[in-house]
Chemist: 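This is the structure I want to talk about, given as structure tokens.
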Amino acid sequence: MVTSGEHVPAQQCLAMGLVDELTEENDLKNGAITFAKKLVTENRPLVKVRDAQDVVEKDRGNDKLFADVRKSLARKTRGFLAPEYNIQCIEAAVNLPFDEGIKVEGKLFMELMMGNQSRAQQYLFFAQRQVNKIPDIERDTELKSVESVGVIGAGTMGGGISMNFANAGIPVTIVEQSQERLDKGLSIIRKNYENTAAKGRITVAQVEERMGLIDGKTSLEDLNTQDLIIEAVFENMDLKKEIFTKLDSICKDGAILASNTSALDVNEIASVTNRPEDVIGLHFFSPANIMKLLEIVRGDKTSKTVVATSMAVAKRIQKIAAVVGVCPGFVGNRILAQRQREANKLILEGALPWDIDDALFDFGFPMGPFAMSDLAGLDIGWNKETSNGESIRDLLCEAGRLGQKSGKGFYVYDENRNKSSDPEVEAIIKKFGEERQVRMRDINKEEILERCLYPMINEGFKILEEGMAIRASDIDIVWTNGYGWPAYEGGPMFYGNTIGFDKILFWLKKAELELGPEFKPSAYLEKVVAEEINIF
Ligand SMILES: NC(=O)c1ccc[n+]([C@@H]2O[C@H](COP(=O)([O-])OP(=O)(O)OC[C@H]3O[C@@H](n4cnc5c(N)ncnc54)[C@H](O)[C@@H]3O)[C@@H](O)[C@H]2O)c1
């Protein structure tokens with residue numbers, strides 16, 4: 001209970017002996033008095049909680065009990081101090097006399113309360129409420145009704161996106177380019193639902209119910225009645241324009257036309273239609289049925305009604321939505337590109353992929369950039385014909401190291417997909433560096449973190465400067481919900497503040513001189529430091 005913070009129903013507390021009695025009456029005071037009178041009448045012994053030693057006695061010195069709890073929580077609560085401190089409190093309650101136990105509890109509680117982790121999580125709690133507020137959109141903005149959805153493309157994203165709506169009871173029509181691809185997409189959705197049912201999280205009847213809400217078609221003409229259309233075809237501007245041109249003539253008046261593009265210009269997509277006010281970016285994250293984040297990309301001409309309706313739809317499908325502006329990569333991927341660029345450079349300066357991944361994993365990310373690339377597949381966007389050994393990625397792909405799916409990429413994987421570092425990769429990187437006469441050096445963890453994280457914070461300031469995010473805390477919502485930034489570090493902007501924006505500015509200026517113009521500090525960061533502006 002104390003490690004999860006989940007609510008425990010009153011009846012259950014009674015069964016556990018955590019409370020003495022439940023009162024039916026609305027007036028707690030009267031209930032308590034009645035109970036007290038009953039105790040006196042029945043002449044029951046009055047045992048103070050502190051003296052109820054029988055509850056803990058049997059586990060005194062039982063280290064295994066606590067070791068087991070720690071083990072069961074290790075993965076889920078990695079990096080969070082509070083769950084571990086709670087275990088220490090219970091350990092103290094069990095093993096020490098009451099007064100000493102209370103002292104341990106007091107000390108640990110104070111430490112948590114004064115510490116950065118609690119501040120970070122309180123900040124995120126309020127950030128999550130803030131993110132729903134869009135300054136120029138009034139609360140009573142008229143909403144469109146969304147009772148049916150069309151999704152184009154039944155690939156990785158289209159399938160997951162459709163599941164969100166089926167889960168919320170909203171019928172979805174998926175359109176694919178061929179029956180074969182449609183069947184494949186639908187069968188993956190079914191398999192996903194069946195796996196969830198096998199884990200007991202939904203019933204077998206629910207699998208059928210949700211599949212029953214998903215209709216598959218192979219012609220865009222079938223998208224003439226839906227209220228919201230989400231395009232999730234390949235990331236290709238010409239293709240997206242072709243589709244939106246068709247949607248403009250097919251879809252009913254007033255339908256919202258959305259693109260799930262990861263980085264393309266939503267204004268350009270909207271420009272091929274006669275209704276740019278109804279076009280918006282709805283950027284889901286993979287796996288789309290699981291990831292909480294939704295970037296709502298507001299185009300120059302997107303109407304307030306369409307933005308407000310998209311926010312309401314996000315809520316219905318239980319997403320945390322952040323409104324962002326049109327710029328390459330929007331907020332999330334734009335910041336990610338900074339980390340990726342530095343990680344790629346660092347492996348040519350002497351840090352190995354696993355050094356970088358380990359540093360970021362220890363910081364609290366679920367995985368580092370190279371493990372992530374292996375998971376996604378190194379051949380995304382790679383072309384065998386044009387590959388010319390110009391990057392480590394080229395060399396790995398040319399060697400058949402395409403990532404997890406081929407058993408090796410930056411790492412080598414066993415049959416359970418557990419990764420290990422690989423001397424072969426080290427040799428490829430060394431040779432590549434030597435051929436280009438790059439000076440390799442030892443790079444410690446601290447430097448890896450600075451090089452990967454500080455440019456992300458700088459990019460966050462540029463995003464704010466350009467008005468691509470409404471507020472600093474929205475950036476943190478994006479990164480904690482979509483990219484695994486640990487909640488106890490609050491997100492890149494909160495973390496930057498913890499380090500000190502003046503320190504980050506100093507570091508960036510130095511890096512700009514020594515390493516190049518990509519570290520040039522944002523003008524807004526300079527202003528914030530010079531004028532001591534509070535950005536939160
Ligand atoms: N994969 C991710 O992690 C991710 C995350 C966020 C956004 N996105 C974006 O989502 C979009 C889709 O990505 P994906 O990973 O699902 O790709 P994918 O290749 O898995 O799926 C794309 C699907 O679109 C179908 N398609 C192509 N042209 C079509 C047409 N004319 N009519 C109907 N269907 C058509 C394809 O047959 C394919 O099944 C891209 O714009 C991508 O940038 C991807």
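Remember, it's a predicted structure, so these values are computed and weren't measured experimentally.
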Chemist: Give, for atom CD1 of Ile429 and atom CD of Glu434, the distance between the pair rounded to the nearest 0.5 Å.
Modeler: 12.0 Å

Chemist: Could you tell me which non-hydrogen atom of Ile443 sits nearest to which non-hydrogen atom of Ala351, and how far apart they are?
Modeler: CD1-N, 3.8 Å

Chemist: Any chance CZ of Arg441 has more than 12 other-residue heavy atoms, nucleotides or ligands included, within less than 6.0 Å?
Modeler: yes

Chemist: Flag the pair Glu424 and Arg401 as a salt bridge only when some basic side-chain nitrogen lies within less than 4.0 angstrom of an acidic carboxylate oxygen.
Modeler: yes

Chemist: At what distance, to the nearest 0.5 angstrom, does OG of Ser148 lie from CD1 of Ile229?
Modeler: 7.5 Å

Chemist: Examine the side chains of Gln179 and Thr218 and answer whether a donor and an acceptor come within less than 3.5 Å of each other.
Modeler: no

Chemist: Tell me the closest heavy-atom pair linking Ile470 and Lys133, and the distance in Å.
Modeler: CD1-O, 4.3 Å

Chemist: Measuring from atom CD1 of Ile189 to atom OG of Ser162, what distance do you get when rounded to the nearest 0.5 angstrom?
Modeler: 5.0 Å

Chemist: State, with a plain yes or no, whether a side-chain heavy atom of Met237 is found less than 4.5 Å away from one of Ile269.
Modeler: yes

Chemist: Would Asp362 and Lys445 count as a salt bridge (charged side-chain N to carboxylate O under 4.0 Å, His left out) here? Give the steps.
Modeler: CA-CA 10 Å; Asp362 292 346; Lys445 208 168 170 169; 2.7 Å; yes

Chemist: Please tell me if the side chains of Ile356 and Ile347 come closer than 4.5 Å, counting only heavy atoms from C-beta onward.
Modeler: yes

Chemist: Check the pair Lys246 / Ile243 against side-chain contact (heavy atoms from CB on, under 4.5 Å), numbers first and verdict last.
Modeler: CA-CA 5 Å; Lys246 287 184 186 157; Ile243 295 210; 5.8 Å; no

Chemist: Would you give me the side-chain donor-acceptor pairs under 3.5 Å for residues 497-516, sequence neighbours excluded?
Modeler:
residue	atom	partner	partner atom	Å
Thr498	OG1	Phe494	O	2.9
Trp507	NE1	Glu450	OE1	3.1

Chemist: Between Lys430 and Glu426, does any NZ, NE, NH1 or NH2 come within less than 4.0 Å of an OD or OE carboxylate oxygen?
Modeler: yes

Chemist: Please determine if Arg129 forms a cation-pi arrangement with Phe125, meaning its NZ or CZ atom is less than 6.0 Å from the six-membered ring centre and no more than 45° off the ring axis.
Modeler: yes

Chemist: Determine, step by step, whether Lys240 and Glu268 satisfy the side-chain contact (heavy atoms from CB on, under 4.5 Å) criterion, reporting the C-alpha distance in whole Å, the side-chain angles of both residues, the deciding distance to 0.1 Å, and the verdict.
Modeler: CA-CA 10 Å; Lys240 301 222 187 238; Glu268 194 177 335; over 6 Å; no

Chemist: Is the backbone of Phe432 close enough, under 3.5 Å, to the side chain of Arg436 for a donor and an acceptor to pair up by distance?
Modeler: yes

Chemist: Can you measure from CE (Met163) to CG (Asn192) and round to the nearest 0.5 angstrom?
Modeler: 4.5 Å

Chemist: For the atom pair CD (Glu295) and CZ (Phe285), what is the distance rounded to the nearest 0.5 Å?
Modeler: 4.0 Å

Chemist: Between Asp278 and Leu257, is there a donor-acceptor pair closer than 3.5 Å when you use the side chain of the first and the backbone of the second?
Modeler: no

Chemist: Return each pair, listed once, that meets side chain to side chain donor-acceptor pair (under 3.5 Å) where at least one residue sits in residues 477-495; pairs must be two or more places apart or across chains.
Modeler: Asn333-Tyr483

Chemist: For Val478 versus Ala322, what's the shortest heavy-atom pair and its separation?
Modeler: CG2-CB, 3.8 Å

Chemist: Could you tell me whether a side-chain N or O of Asp394 sits under 3.5 Å from a main-chain N or O of Glu390, the two making a donor and an acceptor?
Modeler: yes

Chemist: Give the minimum heavy-atom separation between Val297 and Ile280, together with the two atoms involved.
Modeler: O-CG1, 3.2 Å

Chemist: Please assess Ser310 against Arg298 for the test side-chain contact (heavy atoms from CB on, under 4.5 Å), listing each intermediate value before the final yes or no.
Modeler: CA-CA 10 Å; Ser310 300; Arg298 183 178 185 174; over 6 Å; no

Chemist: May I ask you to check whether over 12 heavy atoms, not counting those of Phe536, lie within 6.0 Å of atom CZ?
Modeler: yes

Chemist: Between Asp357 and Phe370 (side chain of the first, backbone of the second, donor and acceptor by atom type, cut-off under 3.5 Å), is there such a pair?
Modeler: yes

Chemist: Does the Glu235 side chain pair with the main chain of Ala263, one donor and one acceptor, at a distance under 3.5 Å?
Modeler: yes

Chemist: Is any side-chain heavy atom of Leu395 closer than 4.5 Å to a side-chain heavy atom of Lys431?
Modeler: no

Chemist: I would like to know whether Glu518 and Arg451 meet salt bridge (charged side-chain N to carboxylate O under 4.0 Å, His left out); could you show each step before the answer?
Modeler: CA-CA 11 Å; Glu518 62 271 37; Arg451 279 280 295 274; over 6 Å; no

Chemist: Counting only heavy atoms from other residues, nucleotides and ligands, does the tally under 6.0 Å from CG of Asp442 exceed 12?
Modeler: no

Chemist: If we count only N and O atoms by modelled type, under 3.5 Å, do the side chains of Ser522 and Glu465 hold a donor and an acceptor together?
Modeler: yes

Chemist: Begin from the C-alpha positions of Glu446 and Leu449 and carry the test side-chain contact (heavy atoms from CB on, under 4.5 Å) through to its verdict.
Modeler: CA-CA 5 Å; Glu446 193 189 342; Leu449 286 182; 6.0 Å; no

Chemist: May I ask you to decide if Glu142's main-chain N or O and Thr305's side chain share a donor-acceptor pair within less than 3.5 Å?
Modeler: yes

Chemist: Using modelled atom types only, decide if a donor and an acceptor are shared between the side chain of Lys241 and the backbone of Val272 within a distance under 3.5 Å.
Modeler: no

Chemist: Does Phe410 offer a backbone N or O that forms a donor-acceptor pair with the side chain of Asp374 under 3.5 Å?
Modeler: yes

Chemist: Quick check: does any side chain N or O of Lys217 sit under 3.5 Å from a backbone N or O of Thr173, one acting as donor and the other as acceptor?
Modeler: no

Chemist: Nearest 0.5 Å, please: how far is NZ in Lys304 from OG1 in Thr141?
Modeler: 7.0 Å

Chemist: Check whether any side-chain heavy atom of Ile475 sits under 4.5 Å from a side-chain heavy atom of Leu464, and report yes or no.
Modeler: yes

Chemist: Exactly one of Asn132, Ile137, Val131 should register a side chain to side chain contact (heavy atoms under 4.5 Å, CB included) with Met311. Which one does?
Modeler: Asn132

Chemist: State, yes or no, whether a side-chain contact exists between Pro486 and Gln117 at a heavy-atom distance under 4.5 Å.
Modeler: no

Chemist: Just wondering, do Ile161 and Val149 contact through their side chains at under 4.5 Å, heavy atoms?
Modeler: no

Chemist: With a 4.5 Å cut-off on side-chain heavy atoms, are Cys452 and Phe363 touching?
Modeler: no

Chemist: Taking Gln338's backbone N and O only, do any of them form a donor-acceptor pair with Glu459's side chain (distance below 3.5 Å, no angle check)?
Modeler: no

Chemist: On a heavy-atom basis, which atom in Thr156 and which in Ser286 lie closest, and how many Å separate them?
Modeler: CG2-OG, 4.0 Å

Chemist: Hydrogens and angles aside, do Asn344 and Arg341 bring a side-chain donor and acceptor to less than 3.5 Å of each other?
Modeler: no

Chemist: Pick out which of Thr225, Asn224, Leu223, Asp227 makes a side chain to side chain contact (heavy atoms under 4.5 Å, CB included) with Lys252.
Modeler: Asp227

Chemist: I'd like to check Leu402 versus Cys397 (side-chain heavy atoms, cut-off strictly below 4.5 Å). Are they in contact?
Modeler: yes

Chemist: Quick one: closest heavy-atom pair of Gly491 and Asp476, and the distance?
Modeler: C-OD1, 3.0 Å

